[in-house]
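Here the structure comes first, spelled out in structure tokens, and everything after it is commentary.
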Amino acid sequence: MASFPLLFDLGSAKPTTRDIARTVKEGGAAALTDAECRADHARYQEVTCRSALNPVKGMPFDWTLNPYRGCTHGCHYCYARRYHVQFELNADDEFASVILVKKNLVEVLTRELARPSWTGEYVAVGTATDCYQPIEGHYKLTRRSIEALLRARNPIGIVTKGPMVVRDRDLLVEMSHITTCTVYMSVPTVDEDAWSRLEPGTAPPLQRLRAVRELVDAGVNAGVLMNPIVPGFSSSRDKLERTIKAIADHGARFCGCNVMFLEDGTRTHFMKWLEREFPAFVPRYEKLYRKKYAPDEYRKQVKGMIRVLQERHGVKGRESDHDQPIAPRPEPEQVGFAW
Ligand code: SF4
């Protein structure tokens, strides 16, 4: 049987992310002469990472793992856009078109998991970049990371918009038998118009929901995050109800939600995009997003509406979403938020 050739090998000495930042600072993204341009028009730059598991603060988990940086899915609201600025790359086009590939990730991860100081804490996979990038089909960094975590019997949660997660069902089922293993499929809306405008590079929402169905049927704890709800695009009662009904119809074990927040590079990118594509929305957004978060009252209304719809369609909320006190439960028809 013919073996699948290595599509590109940039040699053994890969630059670190710091090297990349220095190179881009001096010559822009064009200075990444080793980066390969693929059929999807993204450029892939292999890098060497010094650590695989990243400690984080202020999140519901303490450790993250991200095999790639930058995301070809290119969602306009993506909070991770601002992280690309750390590499001197911009949060606009370069976030979706220059992808850093941590070529040695699995070897580093394996070493870290074997350290006596590692206590087997929960690891959140794919928090800063979707770990099922199209290029994952070639590198298999996410799959091989899950294999390493499985060998270590280490609890994990995976967040993704990629139906490719179904490829790794065998590992996830095995993992589910021995420790915590949760897949959070991100499906902010099933509305085709909102989806195609907000998430130009992602798989169709129903395809993602079918992936949830396959994982649940196989015995994996898989649910949906309606993150983020984007005011004016996916926040109407009708769109929320259609989305929650579709989530229920696909057997999701839970459904969480959050209203979009905007900060730093993400805010700049989103507002530029809005000015270009939906100028009439700009004044309203300027009012709604004076700060990082939309006003409490607005978020409470949206979450209250979602809770009612979840109950109506028999979808369990995610516990952390219901920890926060939210608005009294109105009938959906009575909620009056303008967007
Ligand atoms: S799929 Fe996730 S990481 Fe990728 S652009 Fe969209 S929100 Fe960001």
Side-chain angles (χ1 to χ4, degrees), residues 38 40-44 54 56 59 61 64-87 89-102 105 124-137 139 141-142 145 157-166 182-192 194-209 211-212 222-231 233-234 243 256-274 277 292:
R38 306 278 303 203
D40 59 7
H41 301 301
R43 299 173 69 213
Y44 292 92
N54 312 299
V56 290
M59 307 287 272
F61 39 77
T64 62
L65 182 79
N66 289 290
Y68 308 96
R69 298 306 291 265
C71 183
T72 57
H73 296 159
C75 307
H76 291 297
Y77 52 69
C78 178
Y79 70 89
R81 283 183 176 274
R82 63 202 173 98
Y83 301 144
H84 232 40
V85 178
Q86 293 166 352
F87 311 120
L89 292 161
N90 72 43
D92 295 311
D93 294 345
E94 286 172 359
F95 171 76
S97 65
V98 181
I99 311 299
L100 306 185
V101 179
K102 298 179 185 173
L105 180 92
V125 182
T127 51
T129 290
D130 199 314
C131 55
Y132 287 101
Q133 294 297 301
I135 202 72
E136 165 64 14
Y139 281 105
L141 289 177
T142 298
S145 297
I158 298 175
V159 59
T160 184
K161 282 188 172 77
M164 198 195 296
V165 63
V166 169
T182 306
V183 174
Y184 300 90
M185 182 63 77
S186 167
V187 186
T189 182
V190 295
D191 183 80
E192 296 262 328
W195 158 65
S196 61
R197 290 175 190 277
L198 291 164
E199 306 172 356
T202 56
L206 291 182
Q207 199 179 327
R208 286 178 251 168
L209 290 178
V212 171
V224 173
L225 298 181
M226 289 172 66
N227 289 354
I229 306 295
V230 183
F233 290 89
S234 55
T243 303
C257 71
N258 258 320
V259 176
M260 181 179 74
F261 66 89
L262 289 175
E263 64 178 338
D264 304 335
T266 304
R267 169 185 286 271
T268 311
H269 169 83
F270 189 87
M271 292 306 289
K272 270 198 284 186
W273 172 75
L274 209 57
E277 305 287 336
K292 171 176 168 183

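When a ligand or atom number is given, it counts from 1 through the structure's own listing order. As the structure is a computational prediction, the values presented were derived from the model and not from experiment.
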Side chain to side chain donor-acceptor pair (under 3.5 Å) between Tyr139 and Gln133, worked out: CA-CA 10 Å; Tyr139 281 105; Gln133 294 297 301; over 6 Å; no
For Phe261 and Thr266, what are the C-alpha separation, side-chain angles and deciding distance, and is it a side chain to side chain contact (heavy atoms under 4.5 Å, CB included)? CA-CA 9 Å; Phe261 66 89; Thr266 304; over 6 Å; no
Please identify each residue that fulfils side-chain contact (heavy atoms from CB on, under 4.5 Å) with Asn54, with sequence neighbours left out. Ser51, Thr64, Asn66
For atom 8 (Fe) of ligand 1, every protein N/O/S atom that sits closer than 2.8 Å, waters excluded: Cys78 SG
Taking the six-membered ring for Trp, are Trp273 and Phe270 parallel (under 30°), tilted (30 to 60°) or perpendicular (over 60°)? tilted
Sort out for me which residue in Met260, Arg197, Lys272, Arg81 forms a side-chain contact (heavy atoms from CB on, under 4.5 Å) with His76. Arg81
Can you find a heavy atom in the side chain of Glu199 that is under 4.5 Å from one in the side chain of Pro188? yes
Below 4.0 angstrom from a heavy atom of Phe95, which ligand 1 atoms are there? Numbered from 1 as shown, please. 5 (S)
